[in-house]
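Inspection log for the structure reproduced underneath, given as structure tokens.
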Amino acid sequence: MAVDSAISSPLGPPACEKDAKALRFIEEMTRNADAVQERVLEEILTRNAQTEYLKRFELDGAADRQAFKSKIPVITYEDVQPEIQRIANGDRSPILSAHPISEFLTSSGTSAGERKLMPTIKEELDRRQLLYSLLMPVMNLYVPGLDKGKGLYFLFVKSETRTPGGLLARPVLTSYYKSDHFKTRPYDPYNVYTSPNEAILCSDSFQSMYTQMLCGLIERHHVLRLGAVFASGLLRAIRFLQLNWPELAHDIQTGTLNSRITDPAIRSYMDKVLKSDPELAQFVTQQCSKDNWEGIITRIWPNTKYLDVIVTGAMAQYIPTLNYYSGGGLPLACTMYASSECYFGLNLNPMCKPSEVSYTIMPNMAYFEFLPHDPKPGSTSSKLVELADVEVGKEYELVITTYAGLYRYRVGDILRVTGFHNSAPQFHFVRRKNVLLSIDSDKTDESELQKGIENASKLLSEFNTSVVEYTSYADTTTIPGHYVIYWELLTKDSTNSPSHEVLNRCCLEMEECLNSVYRQCRVADHSIGPLEIRVVRNGTFEELMDYAISRGASINQYKVPRCVNFTPIMELLDSRVVSVHFSQELPHWTPERRR
């Protein structure tokens, strides 16, 4: 029930007093964005004045913007990697931060094929928790009654390692789920999950998914929203249901848990909640045994009001499939914008269309600067713009300075300004810089793809065969999605051409060359399927060029696109395929870093 209008917010009438406080905080931060930014920078520079990094640039304790901008360089990960490596190796002196580095958060972006290590400090958990605490108060403005049911969220922990110096290195969400902030979170009627902590914290992905799906089925009438971090994760859960519904229905029928679930904490929890329910088992069987799965989400969870998944950037490719499984009538809510380096902001209009999603940057999270981004090749601008001074319609690359010790760090995200909430800008996420292919949390760039092609093509040399041209695309029509590489080959001796098995091996050789995030998605998370090579007939890429020129491309400047997603081009390529090949094995991956 909405609280008294006397404490209403410009964003709308809050659902309760706790929400009113959160909405007031959003208003306060966004009304004074520039002043908050000035204070944040001063706090970061003052507390870290004696760090080795800031002393190197002779800031001499200055904490103002002018000194900071004139003396501290704009950097990429590679620039600060030596300092990060020293901390990882055990150096506990104040190199980047005056506060001890508590752990490393492993980024989905990579450097030299390995996940980047992002330093963090204990208080950053409070900052992340603060942003999480703002999400439901905003959602409650748009979707009433969420306190009357639960959320079926598929949440997972990933593998973690220790650096040579003993610090944990793990993804940011694994760090959060394993923290007391999450495990001992206070009861909030607006934010109750069907998935128990025991299942979320189980590192075995099958046992975790099975238990979370089983709990979601048992509580199907209480579920008001379904979610996962990425759209691909929710589709993976639906695919899991397709493959495992007979076992799930059997457990519900008999009131006994599948013997494949061996985790003691899960079994102990499920002993209390799993009871024989033949009626539900029959319903699950009736729905899941049908060939047509269109609208399966709303058939099984009829009270679902929205899907809570990220569908911006590369995840937009999953929208048609999500609409198919939900029956097309459910809103897709993107609630927040965050990364391993920093949590940035939230969507103040979470029920908008996916194409209209804009995130409001919360100026208290870090110090933000923006590098003007001009998509035209060769055009650069080195003058960074303040948060409050960005211009609507322009694109920028995000640059951050964090409490944990990243200074003027280029995140690699390209954002377009869509407007302002009070004095805080709102941004549409355009894309990750230099990313060619992405299915899940993987990000493969052109140089990695090229390296994979070169490595795989070595297998062709004994057959006097070479790769003449190639392109690629991320195929999300399969679940899980997978990389498709189109090859045009030149074989000098048709009597000695590479066999089907050799070309299958080429697929695996390519995968072995891709970064550790891709390989983890393949091996541990099963969120990416086997890589596919489609060999096209000779002359296909010339036809591709002819098509591009017929649409106005300059013959002098034409370059083969290394990634395609334009339907007519895909149709042209697929109509010229002469053979199809897949990886028959998993690539090598272990949680340990290669160096």
Side-chain angles (χ1 to χ4, degrees), residues 9-12 19 22-41 44 105 118 124-142 172-173 176 229-230 308-313 315 333-352 354 356-371 385-392 394-404 406 409-432:
S9 156
L11 288 165
D19 282 14
L23 298 177
R24 281 198 298 269
F25 179 77
I26 293 172
E27 286 302 296
E28 183 186 333
M29 288 296 108
T30 57
R31 262 200 306 266
N32 307 297
D34 196 53
V36 173
Q37 281 283 276
E38 200 162 13
R39 173 177 59 75
V40 165
L41 181 63
I44 292 171
L105 303 176
M118 296 300 166
E124 279 297 307
L125 266 171
D126 298 329
R127 219 166 265 113
R128 290 194 280 272
Q129 179 60 45
L130 173 61
L131 193 62
Y132 282 128
S133 74
L134 305 177
L135 302 182
M136 287 313 295
V138 171
M139 186 60 78
N140 291 336
L141 297 172
Y142 293 88
V172 62
L173 289 174
Y176 176 65
V229 179
F230 293 119
D308 187 348
V309 285
I310 294 171
V311 286
T312 51
M315 290 295 133
C334 296
T335 55
M336 67 182 289
Y337 172 37
S339 75
S340 306
E341 295 92 330
C342 178
Y343 279 27
F344 305 119
L346 71 166
N347 183 0
L348 296 180
N349 182 16
M351 290 293 105
C352 67
E356 295 170 1
V357 169
S358 288
Y359 300 104
T360 302
I361 300 287
M362 289 298 289
N364 58 304
M365 299 304 292
Y367 182 66
F368 301 104
E369 296 175 273
F370 298 87
L371 185 61
V385 178
E386 297 287 351
L387 178 73
D389 296 334
V390 294
E391 296 178 44
V392 173
K394 290 196 173 176
E395 292 187 1
Y396 299 89
E397 183 184 346
L398 181 58
V399 178
I400 59 169
T401 296
T402 68
Y403 285 90
L406 293 175
Y409 177 86
R410 295 175 68 164
V411 175
D413 289 359
I414 305 299
L415 310 174
R416 183 186 307 115
V417 187
T418 56
F420 284 80
H421 179 74
N422 297 323
S423 62
Q426 298 176 306
F427 292 94
H428 176 72
F429 180 89
V430 178
R431 60 182 172 83
R432 284 284 296 178

When you measure from the side chain of [X] to the backbone N and O of [Y], does any donor-acceptor pair fall under 3.5 Å?
X	Y	result
S340	V172	no
D413	L398	no
Q37	F368	yes
S423	A33	yes

Would you say V411 and R432 make side-chain contact, with heavy atoms under 4.5 Å?
yes
Measure across [X] and [Y] and return the closest heavy-atom pair with its distance rounded to 0.1 Å.
X	Y	result
E397	R410	OE1-NH2, 2.7 Å
L131	G345	CD2-O, 3.8 Å
P363	V40	O-CG2, 3.6 Å
T360	A424	CG2-CB, 4.1 Å
L406	M118	CD1-SD, 4.1 Å
Y142	V138	CD1-O, 3.3 Å

Can you tell me how far apart [atom1] ([X]) and [atom2] ([Y]) are? Round to the nearest 0.5 Å.
X	Y	atom1	atom2	answer
R31	H421	CZ	NE2	8.5 Å
R127	N364	CZ	CG	8.0 Å
Q129	L125	CD	CG	8.5 Å
N32	E27	CG	CD	10.5 Å
L141	L348	CG	CG	9.0 Å
M315	I310	CE	CD1	8.0 Å

Passing option when F344 is tested against F429, Y337, Y359, Y367 for ring-ring contact (aromatic ring centres under 6.0 Å, His included)
Y337
How would you list, by chain and number, every residue that makes a side chain to side chain donor-acceptor pair (under 3.5 Å) with T402, sequence neighbours excluded?
none
Step by step, work out the side-chain contact (heavy atoms from CB on, under 4.5 Å) result for N347 and C352.
CA-CA 9 Å; N347 183 0; C352 67; 4.0 Å; yes
Stepwise, does the side-chain contact (heavy atoms from CB on, under 4.5 Å) test hold for L134 with M362?
CA-CA 11 Å; L134 305 177; M362 289 298 289; 4.0 Å; yes
If you apply the rule side-chain contact (heavy atoms from CB on, under 4.5 Å), what do you find for S358 with N349, and how did you get there?
CA-CA 8 Å; S358 288; N349 182 16; over 6 Å; no
Mind checking whether F427 and F370 have parallel, tilted or perpendicular rings, split at 30° and 60°?
parallel
Sequence neighbours left out, what pairs pass salt bridge (Lys or Arg N to Asp or Glu O under 4.0 Å) with at least one residue falling in residues 414-427?
E395-R416
Carefully, step by step, assess Y343 and E124 under the rule side-chain contact (heavy atoms from CB on, under 4.5 Å).
CA-CA 9 Å; Y343 279 27; E124 279 297 307; over 6 Å; no
Option from I414, L415, L371, V417 for which side chain to side chain contact (heavy atoms under 4.5 Å, CB included) with Y396 holds
V417
